[in-house]
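The structure appears below as C-alpha cells.
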Protein chains: 2
Amino acid sequence: MEKYVTAAGGRQPKVVGARSLVEAAYATIRHDILDGVLPPGLKLRFEMLRERYGVGASTLREALTRLVGDALVTSEEQRGFRVAEISLDDFADLTRTRKLIEVEALRQSILFGDDAWEGDLVGAFHRLSKVEEKLAEGLPELRDEFEERNRDFHFTLIAACPSRWLKHMHGILFQQSERYRRISLAARVEGRDVHAEHKAVIEAALARDVDLACRLEAEHIEKTLELLSRTLVPSS
Amino acid sequence: MEKYVTAAGGRQPKVVGARSLVEAAYATIRHDILDGVLPPGLKLRFEMLRERYGVGASTLREALTRLVGDALVTSEEQRGFRVAEISLDDFADLTRTRKLIEVEALRQSILFGDDAWEGDLVGAFHRLSKVEEKLAEGLPELRDEFEERNRDFHFTLIAACPSRWLKHMHGILFQQSERYRRISLAARVEGRDVHAEHKAVIEAALARDVDLACRLEAEHIEKTLELLSRTLVPSS
DNA sequence: GAGTCAATTATTTTCGAGATTTTTCGTATT
DNA sequence: AATACGAAAAATCTCGAAAATAATTGACTC
C-alpha cells in the first residue's frame, strides 16, 4: 500500500518527465514564480507550500534550494525563503548581461553549426511560428506552450556553440528573462512583430552572416526591455 | 538537553560564520571538492557523507543540491550525486568563458570605481602580497588563506562593476576555476611570477588604463590554462 | 508613552525511519 | 558460455515529528 503518490509511478504525476517529487515540486514552483502566481517578494512559508504542493518539508526545502541556484528564490538563514524581487533596473542589467553572453554564443554557433543544426533550427522556428499564429488568434491558454517553443528556438540558435559554460550561463540568464517577458506580455506591451524579428535572425544565421545575425539578436533581446521601460515609465 | 550540536550555538561550529548545519556542510564539502579531498567523479553516498560530516540525510541532500547549483556536483534522479568531473577541455572552455565575463566586468569596474574602491583594491593587493611572500618561503599550510585572498583580490578588482548579473556569472566561473588552480599548484606548475602579474593589473587599473588592464587580466586568466596544458600534454 | 524582558506563539531546521527505486547476485534456461 | 529472470541487498527519496530559532505578545519599569 503506497503511502504517498510517487512522481514516477503515481496515478497523476503533476509534472511530466519528473522522476522524483523534488523535481516535480521544483518544476511546479518555478512555473508559478515565472508565471507570477507566486509574486515577487512573497514569503514562502512551509505550511503554505506543503498545503499547496502536497509534499513534505525536506522535499520542499530541496526544491527551493534549487530555485535559489536559479536566482528565482532568495534565502536567509533561519529566516526562510522568498520569491526573488524584480525591478526595472534588474531587468536592464539582466538584458545587458544576457546580450553579451547570447550574442557570443550565437556567433560561435553559426561558426560551428552543421546541416543537422540548420535542420533543427528550421524545425524549431516552424513550431514557434505555428503557436504564434494561434496566439495571435487570441488563445491565451497557449502562453505556456509559446514560452516553451520560444525557449526551444533560442536554445537551438546557440545549440551549435561548443562552449558548455557559455551555454550554462545563457540558460540561467534566459530563464530569468522569462519572468520579465511574461510580465511584459501581461502588461499588453505591443507594437511589436516578434515573428518578424525571429525570422530575420534565423535567415541571417542560415546565410552564415555572423555580424548581421548577432546584431539582430542583440536588438531582439533589447526590444522587450525598451518596450517595458516605456510602458512603466511613459514620461521618458 | 541538545540532541545535536548546532552550527550557531554549538560548542565547536565546524565552519565559522555558518548559521545552519546545511550551510556548514555545504561549505565543508565544497572545500573538500575544491581541494581534491573528494576527487572528481566520486560517488557521494549518503552513508559515507553522514559518517564524514555528521549530519542527516535531508541536510546533506540540501547541501549537495546547492553544490549542484555551483556545478561542483552532478546529480541524476534516483541515482544519487557525484563530484563533477574535470578535464582539460572543460578548463579551456571555462577559461575562455571566464575571460569574456571577467574582462567586461573589469572594464566597467575601472570606469565606475571611486576612491573607496581604489583603497579597497590597494588593501586587497597588500594582503595578497603578504601571504604570497609566506607561501614562497614554503609554508604550504597557507594555501587556503592564499586562495581566500586571491579571491578577495579578484573580486575587489571587479567590485565597482555596477552589473549584479555580470558579477553573479563571474562568481560561478571563478569558483570553478579555483578547482583547476589548486590542481595546478599541486602539480607544481611553476615558471611564473603571479605577483608580478597581479601588480601589473592593479597598476593599470589604478592608472585607469582600461585597455591595458583588461589585456593584462585576460593574459593572467589564460596563463594557468597555458601552463597546465603544457604540463599535462608536454608533447605540444 | 517608550523601552526592556520573559513567556508564548510561529516558523524554520533537522533527524531518523519507512517507502521506493536501483543494483546486485544467484539460479534457471537456451 | 550467454542471457533472462527474480529475489535479496543496497541506495535513494520522502515524510512527519521533534528540536532550534525567530517573532510576537504582554506585563512591567522608568
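So that the names make sense, note that chain A is the first sequence line, chain B the second, and so on, each numbered from 1. What you are looking at is a predicted structure, and each value in this text was computed from that prediction instead of being measured.
- Rounded to an integer number of Å, the gap from A/E47 CD to C/dA10 C1' is 9 Å.
- Among the nucleotides C/dT14, D/dC15, C/dT21, the one closest to any side-chain atom of A/V55 is D/dC15.
- Each of A/A57 and A/E23 has a nearest nucleotide on DNA chain D; the 5'-most of these lies closest to A/E23.
- With sequence neighbours excluded, no residue forms a salt bridge (Lys or Arg N to Asp or Glu O under 4.0 Å) with A/R45.
- Side chain of B/K167 to main chain of B/C161: a donor-acceptor pair is present (N/O by atom type, distance under 3.5 Å, no hydrogens or angles).
- With rounding to the nearest 0.5 Å, the separation of OG1 in A/T156 from CG in A/D120 is 6.5 Å.
- In this entry the distance linking CZ of A/F46 with P of C/dT14 reads 10 Å, nearest Å.
- A/E62 comes within contact range of no nucleotide atom at all, as no heavy-atom separation falls under 4.0 Å.
- Contact check, A/T59 against D/dC15: a side-chain N or O comes under 4.0 Å of OP1 or OP2.
- Distances shown here put a side-chain N or O of A/K43 below 4.0 Å from the OP1 or OP2 atom of C/dT12.
- Ion pairing of B/R143 with B/E147 is absent here, as no side-chain N (NZ or NE/NH1/NH2) approaches a carboxylate O to less than 4.0 Å.
- Atom CZ in B/R50 sits about 9 Å away from atom C1' in C/dC15, given to the nearest Å.
- The structure places CG of B/L34 at 5.5 Å from CD of B/Q175, a figure rounded to the nearest 0.5 Å.
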Atom pairs, N/O to N/O, protein against nucleotides 23-25 of chain D, distance under 3.5 Å?
{"unit_1": "D/dA23", "atom_1": "OP1", "unit_2": "A/R79", "atom_2": "NE", "d": "3.2"}

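- Side-chain contact check for B/H154 versus B/I158: every heavy-atom pair is 4.5 Å or farther apart.
- For the pair B/Q78 CD and D/dA10 C1', the interatomic distance rounds to 14 Å; values are reported in whole Å.
- Nucleotide C/dA10 holds its P atom 17 Å from the CE atom of A/M48, rounded to whole Å.
- Put simply, A/R19 has a side-chain N or O that comes within less than 4.0 Å of OP1 or OP2 on C/dT22.
- Listed by chain and number, the residues in a salt bridge (Lys or Arg N to Asp or Glu O under 4.0 Å) with A/E23 amount to none (sequence neighbours excluded).
- Here the C1' atom of nucleotide D/dT14 and the CG atom of B/L64 are 16 Å apart, to the nearest Å.
- In this structure, B/F81 places its CZ atom 15 Å from C1' of C/dT22, rounding to the nearest Å.
- In this structure, CG of B/L44 is placed 9 Å from P of D/dT12, rounded to the nearest angstrom.
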